[in-house]
Amino acid sequence: MASLTLPIISTNSSNSFSSSYVKHFSTSPSKPTFPNRRTGIKVTCNASNSDPKIPTDETASSKKIDGETSLMKFDRRNVLLGIGGLYGATSFGANPSAYAAPLSPDFAACHDSTDPDKKPIDCCPPGTVPAEVPTYVPTATKVNTRLAAQLVDDNWLAKYKKALTAMRKLDDSDPRSFKAQANVHCAYCNGGYYQAGYEASKLILDVHFSWIFFPFHRWYLYFFERICQKYADDDTFAIPFWNWDSPSGMFLPSIFKDSSSPLYDSLRNSNHLTKVLDLNYDGTDTSDSTITVIKNNLITMKKQMVTQSTTAAAFFGKSFLAGDASDPGAGTIETTPHNNVHRWVGDPNESHGEDMGAFYSAGRDPVFYCHHANVDRMWNIWNSLGGQNFTDSDWLNSSFYFYNEEAQLVKVFVKDCVNTKLLGYDYQDVGIPWLYSTSKARRTGATLPSAPTPGEVFPTTLEKTITVAVKRPKKVRTKQEKQKSEEVLDIFGIEYNTGEFVKFDVYINEDNPSESGPEKTEFLGGFINVPHGHSMISTTSKSFALTEVLEELGADNYDTILVTLVPKSSTVTIKGLKIKFDNTKA
Ligand code: C2O
């Protein structure tokens with residue numbers, strides 16, 4: 001078997017990355033505000049739920065909650081005006097985007113969540129919610145190091161076991177119990193909370209498919225780790241990360257395999273205990289060799305972290321504002337590998353891939369926290385490569401509630417979690433082996449067959465492979481134009497069943513996807529849903545960055561490009577797709 005030679009890049013020297021990677025990111029220190037998706041929509045004071053005049057393309061969607069359909073055919077700012085302006089009342093002015101609408105859950109009114117069989121399930125935190133909940137701002141005085149799971153020693157493992165054993169023994173009525181901690185995830189993604197201010201329209205707050213994915217999970221792990229510290233009796237303890245972006249970490253970490261350990265969970269895919277992890281897993285095991293899977297995984301990481309993550313919206317996910325009824329759109333890492341890994345770990349013999357393969361149950365498997373630590377580490381790495389966080393106040397002021405290690409309820413804001421050193425932790429430097437991995441174009445300058453336009457095909461149900469020829473708004477842009485804005489393929493109006501595992505793949509200028517795959521430049525990536533309850537139809541979108549891909553394919557001078565969608569698991573309905581520019585790059 002050939003051996004892989006992998007360059008090791010230091011993650012500690014944050015600003016010394018190779019200049020060839022600088023071009024992917026903004027180098028300008030001043031980052032413009034992420035534009036409000038609805039700036040172009042006229043604000044009226046008398047719009048209502050049934051107002052037919054408001055555009056419905058991205059702002060409206062129907063979301064069935066508790067069997068009802070809540071048609072949100074209005075702009076959320078209309079609601080704010082209508083009820084006298086809940087937020088940002090002093091900033092009402094000529095600029096419609098000034099109406100702030102940061103998300104927050106209606107925590108006190110937690111109600112039953114639903115599992116993917118639509119069965120009610122009580123995931124609410126135990127105890128009563130006090131009238132006043134203090135805001136918590138971390139002020140760490142020391143920085144603990146989260147270690148790679150494959151590198152921890154026995155002494156460290158004993159501490160983790162001690163903590164988890166104690167948490168598993170705590171009464172369910174204690175919010176620090178392992179069960180209550182697992183249910184935090186269930187309540188925040190299976191419909192346990194309405195958005196504060198939108199209880200009447202039953203708009204739920206789901207922490208996936210949008211820009212709050214990273215900050216929510218960072219805070220969740222933060223409190224989980226502090227509870228572990230308390231029960232390990234060691235405030236220097238830090239949770240491990242599943243280093244799935246590195247060849248030595250591309251297996252289920254061995255610390256989770258001992259069936260007599262509190263780190264064990266029996267509901268896992270038993271075929272995957274010794275198999276290499278496939279970061280593009282679609283529910284079927286690949287027949288590729290271990291070395292091929294590892295190489296493809298590294299290329300996948302490079303695509304997701306660099307090629308496809310050229311804007312904040314691409315990396316974090318799209319903006320999710322109070323009043324939004326649809327799932328705005330997941331970021332690169334949330335989609336792949338985050339979702340794939342959930343599916344890969346979960347037990348396929350369970351009806352929804354429990355535990356890890358469904359969000360209501362994922363937190364019951366201790367590997368969940370290890371998986372998410374690496375997701376969180378990707379945020380730090382993306383920043384170290386030059387990626388700039390959102391500066392939008394709606395993102396910064398979004399908030400969540402958690403119980404801390406003393407079982408006290410606190411409110412936390414996104415703005416207070418953007419720097420992990422202030423949170424008291426950092427990640428072990430284990431290098432970034434994927435940084436120099438590159439995909440190969442299967443063909444460059446390929447002559448493309450003719451295909452119907454998107455208008456001739458969409459809306460449609462994706463039951464078989466679909467290829468369309470999409471006109472580009474502009475070809476051969478200047479270097480400056482490319483630095484300023486990203487050319488984006490936007491697949492919008494994706495209607496999917498939230499209770500199903502869904503996957504479809506997207507190729508560009510590839511009329512023969514069976515010849516292609518994740519290692520090829522033609523493979524842009526996939527759309528994936530991990531079952532998260534309700535089994536309702538929800539609407540979302542998925543975007544892909546094209547600028548670098550088109551250059552690599554020798555297709556920058558093409559008027560039209562070929563987009564091919566390949567269904568892999570479950571069917572979705574797609575409203576349409578288009579190419580546009582995202583100006584938030586520089
Ligand atoms: Cu909240 Cu891995 O998902």
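Ligands are counted one by one from 1 in listed order, and the atoms in each one are counted from 1 as well.
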Quiz item: Measuring to atom 1 (Cu) of ligand 1, does His372 have an N/O/S atom at a distance below 2.8 Å?
Solution: no

Practice problem: Scan His371, His342, His338 and name whichever one has a ring-ring contact (aromatic ring centres under 6.0 Å, His included) with Trp244. | Solution: His371

Self-check item: Aromatic plane relationship, Trp211 with Trp395 - under 30° parallel, 30 to 60° tilted, over 60° perpendicular
Solution: tilted

Exercise. Measure the acute angle between the ring planes of Phe400 and Phe216, then classify it against the limits of 30° and 60° as parallel, tilted or perpendicular.
Key: perpendicular

Exercise. Please examine the side chains of Met250 and Asn243, heavy atoms only from C-beta on, and report whether any two atoms are closer than 4.5 Å.
Key: no

Exercise. Report the angle formed at atom 2 (Cu) of ligand 1 by atom NE2 of His342 and atom NE2 of His338, rounding to the nearest 10°.
Key: 100°

Self-check item: His217 near atom 1 (Cu) of ligand 1: N/O/S under 2.8 Å
Solution: yes

